[in-house]
2 protein chains.
Amino acid sequence: MKIENTQVQMRKGILEYCILHIISRGEVYASDMLEELTSAKIMVVEGTLYPLLTRLRKAGLVDYQWVESTSGPPRKYYKLTEAGQEFLAQLKTTWEELVASTNHITTNHNGTVQPVAESQKSKES
Amino acid sequence: MKIENTQVQMRKGILEYCILHIISRGEVYASDMLEELTSAKIMVVEGTLYPLLTRLRKAGLVDYQWVESTSGPPRKYYKLTEAGQEFLAQLKTTWEELVASTNHITTNHNGTVQPVAESQKSKES
DNA sequence: ACCAGATACCTTGTATAACAAAGTACTATA
DNA sequence: TATAGTACTTTGTTATACAAGGTATCTGGT
């Protein structure tokens, strides 16, 4: 079990939340998102972002329009749909509850368990 | 894309962190953990917890001993190994950074993007 | 006109992990 | 010796992050 795997797991879901948030603040294209996520120290790569954006679009949470660039190929500028805004609001609740729950557990909300008495121990198998 | 999926994703990784934390506070067996996680509103089921505990043990992060119960079959009481304690410390850092990064993005750390001018828009494809 | 480099987006294959559901095993009680 | 309750295990399914490689468009130099 590598620490990297767990870190990846932790990012999952949060990524979706962060991306919806970034899109909610104004129209952006993929490189904008990558830049913002990277500067916030949330690692993402293209191979993760593009399929995620496709999933969000297929689910009707985001929509995009092609916009020509003055310095390269056209870009897909994304924005939230109405359904996306509702979804984001739900995610916000989920996230906040999850952080609260985690804090509850990790801030030594202690006192439930006692060490097992030697006399009760059975043989190791 | 169902909200449940994203909620599941969000729990991933966090779960591992919470379980290691619970184990770090004293010897517990699976039902203890389920109870604590449930009361903290973090949903888990047996089919998730047991394989996770097996993974943690194979990775040398936790260890257990069989302890006879006065009211049923014997139980596996888990505790952290030294490697598990180090791992937990690393996870703590990862988690805190992730919360900070997410807050950074979601507390409208705004101002990067402008709406796209109508004149720049290309035709929808 | 052509080519190199930069930019933007897409696809395929692999590995991991949560979950549902069904199964095994042990204990106490009637 | 059934029955119920507790504890632990396993199998199959599904979702998704990521690495790596691919396609398409535009600009600037020659």
Side-chain angles (χ1 to χ4, degrees), chain A residues 1-19 27-35 37-38 42-59 62 64-78 98 116 120 122-123 125, chain B residues 1-19 27-35 37-38 42-59 62 64-78 98 116 120 122-123 125:
Chain A
M1 176 161 302
K2 299 175 220 121
I3 185 87
E4 294 84 33
N5 284 354
T6 305
Q7 289 169 332
V8 166
Q9 292 303 314
M10 276 191 174
R11 274 200 298 277
K12 289 187 181 183
I14 294 176
L15 194 55
E16 208 171 297
Y17 177 46
C18 287
I19 285 171
E27 298 190 20
V28 284
Y29 72 109
S31 298
D32 287 338
M33 302 180 210
L34 279 173
E35 195 189 339
L37 292 166
T38 302
I42 297 178
M43 278 166 287
V44 210
V45 293
E46 288 190 328
T48 300
L49 183 59
Y50 283 108
L52 174 51
L53 288 171
T54 302
R55 283 202 305 280
L56 292 172
R57 205 198 66 80
K58 280 186 186 157
V62 303
Y64 66 82
Q65 57 184 348
W66 285 102
V67 177
E68 283 161 26
S69 165
T70 56
S71 61
R75 303 160 174 174
K76 282 182 171 179
Y77 274 83
Y78 285 86
L98 204 51
V116 178
Q120 285 182 7
S122 63
K123 278 195 298 248
S125 60
Chain B
M1 175 160 303
K2 299 172 219 126
I3 185 89
E4 294 85 33
N5 284 354
T6 305
Q7 288 169 332
V8 165
Q9 293 303 314
M10 277 192 174
R11 276 201 296 278
K12 288 189 184 183
I14 294 176
L15 195 54
E16 208 172 296
Y17 177 47
C18 287
I19 285 170
E27 297 190 21
V28 283
Y29 73 109
S31 297
D32 287 337
M33 302 181 212
L34 280 172
E35 195 189 337
L37 291 166
T38 303
I42 297 180
M43 279 166 284
V44 209
V45 293
E46 288 189 328
T48 300
L49 182 59
Y50 283 106
L52 174 51
L53 288 172
T54 302
R55 282 203 306 279
L56 292 173
R57 205 198 66 79
K58 280 187 187 157
V62 303
Y64 66 82
Q65 55 184 349
W66 284 102
V67 177
E68 282 162 24
S69 165
T70 56
S71 61
R75 302 161 175 173
K76 283 183 172 178
Y77 275 83
Y78 285 87
L98 205 50
V116 177
Q120 286 180 4
S122 63
K123 276 193 297 240
S125 59

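A, B, ... follow the sequence lines: proteins, then strands. Residue 1 opens every chain.
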Excluding sequence neighbours, so at least two apart, what forms side-chain hydrogen bond (donor to acceptor under 3.5 Å, both in side chains) with A/Q7? B/T94
Taking CG from B/L52 and P from C/dA20, how many angstroms apart are they, rounded to a whole number? 15 Å
Looking only at side-chain N and O atoms, does A/R55 come under 4.0 Å of OP1 or OP2 in D/dA17? yes
Holding to side-chain hydrogen bond (donor to acceptor under 3.5 Å, both in side chains), I want the full list of residues that pass it with B/Y29, two or more places apart in sequence or in another chain. B/R75
Taking all non-hydrogen atoms of both residues into account, name the closest pair between B/L53 and B/V62 and its distance. O-CG2, 4.2 Å
Atom pairs, protein N/O to nucleotides 3-7 of chain D N/O, distance under 3.5 Å:
unit_1: D/dA7; atom_1: OP1; unit_2: B/Y29; atom_2: OH; d: 2.7
unit_1: D/dA7; atom_1: OP1; unit_2: B/R75; atom_2: NE; d: 2.9
unit_1: D/dA7; atom_1: OP1; unit_2: B/R75; atom_2: NH2; d: 2.8
unit_1: D/dA7; atom_1: OP2; unit_2: B/S31; atom_2: OG; d: 3.4

Side chain to side chain, A/L52 and A/V44, heavy atoms closer than 4.5 Å: no
Who passes side chain to side chain contact (heavy atoms under 4.5 Å, CB included) against A/E46, sequence neighbours left out? A/L34, A/Y50
Closest listed nucleotide, where the reference is the side chain of A/T48 and the choices are C/dC19, C/dT16, D/dA17: D/dA17
Partner set under side chain to side chain contact (heavy atoms under 4.5 Å, CB included) for A/K12, not counting sequence neighbours: A/V8, A/Q9, B/Q9, B/K12
Find the distance B/K12:NZ to C/dA17:C1' and express it as a whole number of Å. 5 Å
Nearest whole angstrom, please: distance from the P of C/dA15 to the CG of A/N5. 12 Å
Quickly work out the B/Q9 CD to C/dT16 P distance and round it to whole Å. 16 Å
Atom-pair distance (CZ on A/R11; P on C/dT16), nearest Å: 16 Å
Figure out the CG/P separation between B/L49 and D/dT9, and round it to whole Å. 10 Å
Within this structure, what is the CE-to-P distance between B/M10 and D/dA17, rounded to whole angstrom? 12 Å
Measure CD1/A/I19 against C1'/D/dT16 and give the value in whole Å, please. 12 Å
